[in-house]
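Just below is one structure, and these are the notes that go with it.
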Amino acid sequence: MAKDYTLSKSSYIKGLQCEKQLYLYKHFYDTQDKYSEMQLAIFRKGTSTGILAQSLFSEGTDASSSSHFLYKEGIEKTNALMQNQNQTIYEASFLFDELLIIADIVVKHGDLINVYEVKSTTSVSDVILNDAAIQYHVITNAGYKINDFFIIHINKNYVRDGELDINSLFVIKSVKNKIKSLQKNVRSNIIRFNNVLNQDKAPQMDIGPHCTNPYSCGFIGTCWKEIPEYSVFNIAGLSQEKKFDLYYKGITELKNIPREYSLTPLQWLQVNSELNNEKIIKRNEIKTFLSGLRYPLHFLDFESFQPAVPLFNKSKPYQQIPFQFSLHVQEREDSPLKHYEFLCEPGIDPRTKLADALIPLINAGGSVVVYNKIFEVNILNKIAVDFPEYLEDIEKILNCIIDLMEPFQKRYYYSPDLKGSYSIKSVLPSLVPELSYSRLAIKEGGEASLFYEQLWIEEDYRKIESVKESLLRYCELDTLAMVKIVERLKELI
Ligand code: SF4
């Protein structure tokens with residue numbers, strides 16, 4: 001069905017990011033990159049936060065249309081409800097001059113309305129202000145008087161204590177003055193975007209930092225296809241500014257970087273390793289690192305999820321909540337490997353259960369080997385702060401932590417197949433090609449969080465068991481990978 005509106009809130013925001021993105025979105029929608037499961041999960045989080053925020057305004061009426069294509073239905077419902085003197089409307093649609101917007105919550109008192117836009121963020125960014133500004137433009141031009149315009153966002157300092165207190169969970173912030181000052185820009189932007197959309201072909205727009213800021217564009221697959229798979233954009237630690245400086249000089253391949261170009265020694269190491277097809281093995285440094293390991297060795301990995309709305313007492317929005325660990329223990333160099341694992345049942349707070357299961361398994365005097373220690377250290381510290389009864393035991397664990405990422409981050413070992421990365425997912429196939437994540441249902445930590453969140457709502461017993469098994473095998477491989485990487489480092493020296 002042909003639509004008789006040209007722009008919407010989301011296409012306006014796309015236009016602000018990049019005119020070519022707007023054009024492709026409207027005229028070549030099907031060429032868009034596929035959304036990843038992670039992106040879809042972020043959208044779902046936004047929707048559920050919006051629905052929860054509706055309960056701040058009781059007795060509202062939903063004016064949504066029954067489908068995205070039947071948007072006129074939403075406008076008609078909204079118009080009818082706006083005839084009432086006092087009315088709260090959820091998902092209110094307004095159309096002006098071929099521009100359609102849907103406001104999350106509108107509260108009408110007599111002639112005046114308050115508009116509330118709900119965001120699952122913890123602050124008000126420029127994109128959110130631009131989003132509000134376009135709504136203000138449409139609603140006022142459609143003939144309504146806006147008394148005030150608010151952003152409702154998540155209060156990052158809220159700590160749950162008992163029942164969820166939605167009045168404390170959300171912050172309601174007036175942005176009317178700020179978005180009024182953006183109105184002149186809104187009008188000129190609409191004219192500009194309509195001109196862009198009326199052109200015969202997409203505007204010439206080179207790639208740049210705007211491709212991922214404020215959002216990752218859906219047309220990266222189209223516009224970045226000339227960039228080699230391994231390029232200057234893969235140089236570890238190189239600033240965005242320098243990557244594009246090289247690109248704008250016509251340099252995308254590592255072999256074309258001028259020798260006088262300013263890179264750090266580690267960045268040159270990466271480039272030279274690629275050009276000479278040479279592995280770097282700094283045996284003395286690896287030896288020193290390995291000499292810091294004390295038996296019994298505990299190879300530890302957590303998985304966590306970050307609910308936007310705190311599910312448990314003593315937790316904040318978006319707090320990392322660990323729900324699982326895998327632990328491989330090796331008492332002595334020649335002793336067999338033991339494996340322990342913990343996966344919390346969904347529906348309960350996993351933190352103390354996880355601490356109770358883990359603490360007795362860590363033997364005094366041994367090293368606790370993790371990969372990228374910031375994550376594990378933060379998880380343990382937070383448990384100790386929220387549950388001080390574990391403080392002493394957790395401090396003992398923290399004092400024994402060794403970060404296995406260090407030899408790879410500092411390039412004591414580097415191989416061209418790492419392509420600049422030092423993540424365990426890259427290091428494992430480079431050093432231990434016989435072990436691989438590729439056959440697992442879960443291949444990275446973000447997916448593990450999504451799978452665990454699924455368990456909270458899944459009712460099919462067989463599906464629950466299969467998801468649990470996938471989570472256990474994924475986490476197990478993370479710690480087994482560390483065991484094998486240490487073995488291989490020992491062989492190298
Ligand atoms: S990939 Fe970059 S240049 Fe291409 S449409 Fe998206 S933002 Fe614009």
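Order of appearance sets the numbers: ligands from 1, and atoms from 1 within every ligand.
Every residue two or more places apart in sequence or in another chain that forms a ring-ring contact (aromatic ring centres under 6.0 Å, His included) with Phe94 is listed here: Tyr144. Partners of Ile464 under the side-chain contact (heavy atoms from CB on, under 4.5 Å) rule, at least two apart in sequence or in another chain, are Leu455, Glu458, Lys468. Here Phe375 pairs with Phe302, Ser304, Gln320, Ile379 under the side-chain contact (heavy atoms from CB on, under 4.5 Å) rule; sequence neighbours left out.
Heavy-atom minimum distance, Ile257 versus Tyr261: CG2-CB, 3.8 Å.
Between the side chains of Asn147 and Asn114, at least one donor-acceptor pair of N or O atoms lies under 3.5 Å.
The aromatic ring centres of Tyr412 and Phe408 sit 6.0 Å or more apart.
Taking a cut-off of 2.8 Å, the protein N, O or S atoms nearer than that to atom 6 (Fe) of ligand 1 are Cys217 SG.
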